[in-house]
Amino acid sequence: MSDTYYEFGTAAERWDRAQLFFGSKEYATAARILGGLVEEVPDQVAPRLLLARAYYHSARLVRAETELRAVLERDPVEQYARLMLGRTLERQGRQSEADTQLRMAAALAGDFTPAGGA
């Protein structure tokens, strides 16, 4: 497919198209569309979060981490971004960093149970 296809339409149309590709598990294509949207509207969290998810699902973990950190820079209490960052760090073998993010995600979700149960 040509780059023109990905650039075609309004931001809303490209957002819809990216969601369709993501829903069809075409993560690389979704990421390609979302990359342009994120450049166009860098302060909007939703496109950046979906881009991070697309990177995560296509095993581009460093890129996913970068986008998730950018989301958290804009919205530090975005619980799902914290959870995803924790999972992304786990997949990279960075467990102690992951644990911190996962604890914060749990707290933001209202789960104050100490690790290990009880």
### Residue pair F8, R17: steps toward the side-chain contact (heavy atoms from CB on, under 4.5 Å) verdict
CA-CA 10 Å; F8 179 75; R17 189 177 309 126; 3.9 Å; yes
### Task
Any chance you could lay out the side-chain contact (heavy atoms from CB on, under 4.5 Å) test for L68 and Y55, step after step, and finish with the verdict?
CA-CA 10 Å; L68 290 164; Y55 284 149; over 6 Å; no
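With sequence neighbours excluded, the residues forming a salt bridge (charged side-chain N to carboxylate O under 4.0 Å, His left out) with E90 are R87, listed by chain and number. Looking at residues two or more places apart in sequence or on another chain, you find no salt bridge (charged side-chain N to carboxylate O under 4.0 Å, His left out) involving R63. The salt bridge (charged side-chain N to carboxylate O under 4.0 Å, His left out) check on E65 picks up R69, R94, with sequence neighbours excluded. Here D16 pairs with Q19 under the side chain to side chain contact (heavy atoms under 4.5 Å, CB included) rule; sequence neighbours left out.
Between R60 and A31 the shortest heavy-atom distance is NH2-CB, 3.4 Å. Taking all atoms of both residues into account, the shortest heavy-atom contact from P76 to R82 is O-NH2, 3.1 Å. Annotation for A18 and I33: closest pair CB-CG2, 3.8 Å, computed over non-hydrogen atoms. Here the shortest heavy-atom pairing between V41 and P47 reads CG2-CG, 4.4 Å. Minimum heavy-atom separation, V71 to A81: CG1-CB, 3.7 Å. Smallest separation of non-hydrogen atoms from G86 and A98: O-CB, 3.2 Å.
Considering CD of Q101 and OG1 of T88, their distance stands at 10.0 Å, rounded to 0.5 Å. Distance CG/L89 to CD/Q92: 6.0 Å, rounded to 0.5 Å.
Follow the hydrophobic side-chain contacts under 4.5 Å out from V38 and you reach L50 in the same cluster. By the criterion of side-chain heavy atoms lying less than 4.5 angstrom apart, applied directly or through intervening Ile, Leu, Val, Met, Phe, Trp or Tyr residues, L72 is grouped together with L102 in one hydrophobic cluster. One hydrophobic cluster holds both L37 and L51 under the rule that ILVMFWY side chains link at heavy-atom gaps under 4.5 Å. Follow the hydrophobic side-chain contacts under 4.5 Å out from L83 and you reach L85 in the same cluster.
The shortest distance between side-chain heavy atoms of L61 and Y56 falls below 4.5 Å.
Residue pairs meeting the ring pair (Phe, Tyr, Trp, His ring centres under 6.0 Å) criterion with at least one partner in residues 57-94, sequence neighbours excluded, are F22-H57, Y27-H57. Every pair passing salt bridge (Lys or Arg N to Asp or Glu O under 4.0 Å) that includes a residue from residues 35-54 is listed here, sequence neighbours excluded: R14-E40, D43-R74, R48-E67.
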